[in-house]
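To keep things clear, I will list the structure first and then write my remarks on it.
Just so it is clear, the values below take in all heavy atoms, side chains as well, and ignore hydrogens, waters and symmetry mates.
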Amino acid sequence: MAREELRGKCGAGAPARVCRRNEMSPTPLSTTQQPRWPRRIAIGLACAAIFLAFAGASYQFISTARDRRAYPVPGKLVDLEGYKMHIDCTGQGSPAVILDSGLGDSYLSYHKVQPQIAQFARVCSYDRAGIGYSDSSSQPRTSRVMAEELHALLRAAGIAPPYILVGHSLGGYTVRLYASLYRNEVTGMVLIDASHPDQENRFPPELKNMEGTWLREAEFLAYTMPFGIPRLLALCDDEPAQRAAECNWHTAREAVAELKAFPESAAQAAATSSLGDIPLAVLSHDPDKPSAELPPDLAKPTNDAWEKMQGELSHLSTRGTRTIAKNSAHYIQIDRPDVVIEAIRKVVDQARAQQPASPFKSN
């Protein structure tokens, strides 16, 4: 009976060896049953990614903590009702000199000039919200907001007006907004290769493509900083103090936010009025030292437009002057600190010559 059933299944007249082969062959896989190895590989890769992310985050955390133990925050952290901002003041005398850094830069961009300025005036450098040692703010990162935050910081820190405001690059927008919002507190200004509100319209159109590249590079740092990748790739500053202040996620994220808000900040600066007759010094980089990031075909037209706009900035005040810092690129306070110190000294002297006794008292 079993032999007859087998022949029936194999087919009438089928050879016995065929029936035996069919009987011994494995049962085919069900169409719903899939191989397990792709899933195992995916799980393995996911576990490896999680492990590497954890290791990178641990490396970043430990390295940041080590750097900041070696270079603790100078000055003080001031509570502004929900977040703290860092300010470092040295020296004595009025008016106080307030140093505002460029896009994404911490207070350390002025480390070569602050000690010398402190010999003839009270001088304060600070970190904008989210930069360096300052906590992040929930407010938009426009120059108007940053000017308002600076005003709150100076008040809370007990740094009394009047002020000489010093702005480098993007910081030029911030100090102009400050002077517009709090005119009676500002008695002089120094602009260090400061941004011009109309520069985006007057630079070569090809520069827009490079600006997109710069934004992507800034976003790469912000996205990868929590996992220590910029440190591993040696993209953080070689100077330990600079690395302690700036090689962290919130500083990288703030730089992206400031860069994205740059057009709005420019529009805000453009809407401000003139500075009247307050002492104003405009310092510009050497035309023979254009940005190293620009290709030769863009360097000259960009620099020509920049030079013209720098001249226009000196006309913001009837007492404006302009100085070209020879052998200096964009960071004049680093390449030629002597030029910056001398310009600030002259503005301080002019402000003091016309300054009545102040009713305020600084801490």
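Ion pairing of Arg155 with Glu185 is present here, as a side-chain N (NZ or NE/NH1/NH2) and a carboxylate O approach within less than 4.0 Å. We find that Asp304 and Lys300 are joined by a salt bridge, their nearest charged nitrogen and carboxylate oxygen being less than 4.0 Å apart.
The two residues Arg202 and Glu312 have their closest heavy-atom pair at NH2-OE2, 2.8 Å. In plain terms, the two heavy atoms of Arg128 and Gly104 that are nearest each other are NH2-N, 3.6 Å. A pairwise comparison of heavy atoms in Gln333 and Lys112 identifies O-CB, 3.7 Å as the closest pair. Considering all non-hydrogen atoms of both residues, Ile131 and Ser106 come closest at CG2-CA, 3.6 Å. The minimum heavy-atom distance linking His285 with His330 is given by the pair CB-N, 4.1 Å. Smallest separation of non-hydrogen atoms from Ser134 and Asp127: OG-O, 2.7 Å.
Note that OG1 of Thr272 is 7.0 Å distant from CG of Leu275, once rounded to the nearest 0.5 Å. The CG atom of Leu298 sits 5.5 Å away from the CD atom of Glu206 when rounded to the nearest 0.5 Å. Distance check, rounded to the nearest 0.5 Å: CD of Gln268 to CG of Leu181 gives 9.0 Å. Atoms OG and CZ, on Ser195 and Arg176 in that order, are 10.0 Å from each other to the nearest 0.5 Å.
The hydrophobic clustering, which links ILVMFWY residues whose side-chain heavy atoms are closer than 4.5 Å, places Leu207 and Phe262 apart. Leu99 and Leu191 are not part of a single hydrophobic cluster, where members link through side-chain heavy atoms under 4.5 Å apart. When the side chains of ILVMFWY residues are joined at heavy-atom separations under 4.5 Å, either directly or via intervening members, Leu316 and Ile344 end up in two distinct hydrophobic clusters. The same ILVMFWY cluster, assembled from side-chain heavy atoms under 4.5 Å apart, contains both Leu150 and Val78. Put simply, Ile87 and Val175 are part of the same group of oily side chains (I, L, V, M, F, W, Y) that touch within less than 4.5 Å, one to the next.
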Original post:
Could you go step by step and tell me if Tyr126 and His86 meet the ring pair (Phe, Tyr, Trp, His ring centres under 6.0 Å) rule?
Top reply: CA-CA 6 Å; Tyr126 80 105; His86 166 235; 8.9 Å; no
**OP:** Report the C-alpha distance between Glu149 and Ser137 in whole Å, list the side-chain angles of each, state the deciding distance to 0.1 Å, and finish with yes or no for side-chain hydrogen bond (donor to acceptor under 3.5 Å, both in side chains).
**Re:** CA-CA 9 Å; Glu149 291 173 344; Ser137 165; 2.8 Å; yes
Subject >> From CA spacing to verdict: ring pair (Phe, Tyr, Trp, His ring centres under 6.0 Å), Tyr163, Tyr182 >> reply: CA-CA 10 Å; Tyr163 308 122; Tyr182 314 104; 9.4 Å; no
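Counting heavy atoms from C-beta on, the side chains of Pro279 and Gln354 come closer than 4.5 Å.
A donor-acceptor contact shorter than 3.5 Å is absent between the side chain of Tyr107 and the backbone of Asp100. The main-chain N or O of Lys326 is found under 3.5 Å from a side-chain atom of Arg336 such that the two form a donor-acceptor pair. At distances below 3.5 Å, not a single donor-acceptor pair connects side-chain atoms of Glu254 with backbone N or O atoms of Gly132.
When hydrophobic residues (I, L, V, M, F, W, Y) are linked wherever their side-chain heavy atoms come within less than 4.5 Å, Ile324 remains an isolated member. Grouping Ile, Leu, Val, Met, Phe, Trp and Tyr by side-chain contacts under 4.5 Å, direct or through others, leaves Leu177 on its own.
Tested against Leu283, the residues Val166, Thr321, Asp193, Val340 include a single side chain to side chain contact (heavy atoms under 4.5 Å, CB included) partner, Val340.
Environment of CZ in Arg144: sparse, with no more than 12 heavy atoms of neighbouring residues, nucleotides or ligands closer than 6.0 Å.
One side chain, Arg253 or Ser136, offers a donor N or O that lies under 3.5 Å from an acceptor on the other. Side-chain contact annotation: Thr142 with Glu264, donor-acceptor N/O pair under 3.5 Å absent.
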